[in-house]
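Report on the following structure.
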Protein chains: 2
Amino acid sequence: MNLKELSDYLGLSQTTVSRALNGYPEVSEKTRRRVMDAARQHDYLPDARAKRLATGRAMAIGHLLPVSKEHEMVNPIFSDFLAGAGKRYAENGFDLVLSVVEDKDEAETYRDLARRGAVDGVVVHGPRINDERIALLTELGLPFVVHGRSSEVSTDYNWIDVNNRRAFARATAFLLDLGHRRIALLNGLAGMDFAARRFKGYQDGLHAAGLDVDPDIVSHAEMTETYGYARTNALLDLDTPPTAIIISSIIPAIGARRALGDRGLTPGKDISIVIHDDDLSYFRNDGDVPTYTATRSSVRAAGEETADMLLAAIREPHQPPRQLLLEAELTVGQSTGAAPAVRQLLKEG
Amino acid sequence: MNLKELSDYLGLSQTTVSRALNGYPEVSEKTRRRVMDAARQHDYLPDARAKRLATGRAMAIGHLLPVSKEHEMVNPIFSDFLAGAGKRYAENGFDLVLSVVEDKDEAETYRDLARRGAVDGVVVHGPRINDERIALLTELGLPFVVHGRSSEVSTDYNWIDVNNRRAFARATAFLLDLGHRRIALLNGLAGMDFAARRFKGYQDGLHAAGLDVDPDIVSHAEMTETYGYARTNALLDLDTPPTAIIISSIIPAIGARRALGDRGLTPGKDISIVIHDDDLSYFRNDGDVPTYTATRSSVRAAGEETADMLLAAIREPHQPPRQLLLEAELTVGQSTGAAPAVRQLLKEG
DNA sequence: TTGAAAGCGCTACCAT
DNA sequence: ATGGTAGCGCTTTCAA
């Protein structure tokens, strides 16, 4: 059943039926009801292809995930972000187009997406320090929201991020409070913006206690299980090994735990581990017992918020960009339940 | 730049330009070259919306992920599957449309996708035992490939799956070889097809050694960290606790390890853990030291294979369905590198 | 409040 | 080997 058939059936013009279905005000209530009922009854849904061509909009949002640096993708809670965003898109009649692209093809992919009219906007994942994608998208005029931020980019753009710096400062302070003085950091890839902010937070925490960063116990790499395993072993082999480790993601933390197990060390007893997973989850050890708390619903909410931001940017192209900074809550001993993250708008200066 | 402008510029008809660009044989090589060069030079790409309407194809594949049972999504290596599939789609000019849907809305979502003409085919994730989606899609005439299988579905359909049963039989046999006689199983949700097959494999392993399944140490639930934590504690509280645990996914395994840590138990010393993550990765403990080996590239390859299967089904609608059963390789002590999964075609009888 | 008809930018049929 | 043109199924002026 298409529009023509439906309007023929109703004895109305395609125009009127289209207007009734799309909520235009000039249709009489009586007609609208008739049309809606008939549409439902006949299982009519407008052809997405025709609608897209006629309106000139793609009715789709692209999510682009750089593949050689897979932080975002391997993150177990990343999917919740997509779920949240996808829900909002669906509510607004948009589809979610997922592009997993090689780093080197990224610029080309954005260009293609824009030129082909395949999407109306994109979400940028895994931003690097001074990420060139922001300039590219601005130049292309393709609306976008960055999931994360990019330091050293001077222009204004839409982003939603978690306060990584503060989160890591807190994690560091927590371990210092427990008496640790030699705290290692297993961080993400050096070029990633979130990793830079997390390092700064770690540094903040140490400085506040009058301590300095020891580069020997700080590392940056892709967050794989292998990395966590090898790096933890290396740390334990040092002449003066750390007494605590802060790990940027749950994935390398698995490897770290295995490395400890190999040596008969018990996390929480022989050594402390604080894990901070990406984005909106916060991990901390409780009385020296490691705790993992994934605040999945808050990640979902962040996805929804991102979608709202992008849809608004598409609808009102001339509004100034928006920013949303989410706070991650330090949760203690919540290992058997999800602790809701405290989310608040904190526009950074 | 659109087709009309490009053809005007070249002094050719839209027809010829279109044919040249789409590789039709009746265009002279000279003309084709001219057209291709001009297209490249002017950054011309055909409008996806127009192309879709004109051809009647969506040039897109849907991946539908049920959200209340989040096995697929929380699986850290699931993203690799999408990456592999997405790559193939891109090579063939298709987009990947991701739909994260509530269980209850699933049927409706499929119907909508089909009626709107938003996708040309779908990949079904997280199949349940006797999954009703297979009948629905068959009825809708929407080409599909199931990532996994669905027992008790009698009709023939496209699927790609890993040999979960054999994998779990092997894991069980391995622990039995080490002398364990009381082996617990932390499995996925009871209704999930993969969980049923894994249970059967576990049972196979026990039976082969003349042992029976003790229901007290077998559990089925959504594979969360919380589940792994709570369930491991419950197991250890038993009068005769297990000496080994097989865990269906890396996520609950994190919780399991934490539970062990709480009690000062060291995995690999006080208790054995074998982890089997979803799909194409295989985990096993090495000399009683737990080992995690994610064969990410093989998961990617499985995604590619799935895409190929679906694209073929779309192009040749009347070919019989295909099936691909992948073997998961039992890897030992490969913790510092990825072990390639042995993949072979094993059409099951 | 309703309708007629001109696009949207392609593809593909039918000519030549 | 190339071109004219009628759609594809909608939306959106412009008229009534």
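Numbered from 1 within each chain, the chains take letters A, B, ... in sequence-line order.
A donor-acceptor pair is defined here as one N or O able to donate and one able to accept, closer than 3.5 Å; no such pair exists between the side chain of B:R149 and the backbone of B:W159. Put simply, the side chain of B:T31 never gets that close to the backbone of B:V27: no donor and acceptor are under 3.5 Å apart. Between the side chain of A:D161 and the backbone N or O of A:L325 there is no donor-acceptor pair closer than 3.5 Å.
Contact check of residues 8-32 of chain A against DNA chain C (heavy atom, cut-off under 4.0 Å) returns A:G11, A:L12, A:S13, A:T15, A:T16, A:R19, A:E26, A:V27, A:S28, A:T31. Remark: nothing in residues 109-122 of chain A comes within less than 4.0 Å of DNA chain C through any heavy atom. Of the residues in residues 38-60 of chain A, those placing a heavy atom less than 4.0 Å from an atom of DNA chain C are A:L53, A:A54, in numerical order.
A:L65 CG to A:S99 OG: the interatomic distance, rounded to the nearest 0.5 Å, is 8.5 Å.
Using bins of under 30°, 30° to 60° and over 60° for the plane-to-plane angle, the ring pair A:H125/A:F81 lands in the perpendicular bin. Aromatic ring orientation, A:Y9 versus A:H42: perpendicular (interplanar angle above 60°, classes split at 30° and 60°).
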Distance-only donor-acceptor pairs under 3.5 Å for side chains of residues 13-24 of chain B, two or more places apart:
{"from": "B:S13", "atom 1": "OG", "to": "B:T15", "atom 2": "N", "distance (Å)": "3.4"}
{"from": "B:S13", "atom 1": "OG", "to": "B:T16", "atom 2": "N", "distance (Å)": "3.1"}
{"from": "B:S13", "atom 1": "OG", "to": "B:T16", "atom 2": "OG1", "distance (Å)": "3.1"}
{"from": "B:S18", "atom 1": "OG", "to": "B:N22", "atom 2": "ND2", "distance (Å)": "3.4"}
{"from": "B:N22", "atom 1": "OD1", "to": "B:K51", "atom 2": "NZ", "distance (Å)": "3.4"}
{"from": "B:N22", "atom 1": "ND2", "to": "B:S18", "atom 2": "O", "distance (Å)": "2.9"}

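Scanning for ring pair (Phe, Tyr, Trp, His ring centres under 6.0 Å) contacts around B:Y89 gives B:H63, with sequence neighbours left out.
To the nearest angstrom, P of C:dA5 lies 16 Å from CG of A:L3.
Contact check on A:D95 versus A:R52 returns a salt bridge, with a Lys/Arg side-chain nitrogen under 4.0 Å from an Asp/Glu carboxylate oxygen. Under 4.0 Å is where a charged nitrogen must lie from a carboxylate oxygen, and between A:E108 and A:R116 no such pair does.
Remark: the A:Q323 side chain and the A:D156 side chain contain an N/O donor-acceptor pair separated by less than 3.5 Å.
Nucleotides of DNA chain D with any atom under 4.0 Å from a heavy atom of chain B span, from 5' to 3', D:dA1 to D:dG9.
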A:R40 and A:D37: CA distance, side-chain angles, deciding distance, salt bridge (Lys or Arg N to Asp or Glu O under 4.0 Å) verdict: CA-CA 5 Å; A:R40 193 170 8 255; A:D37 288 349; 3.5 Å; yes
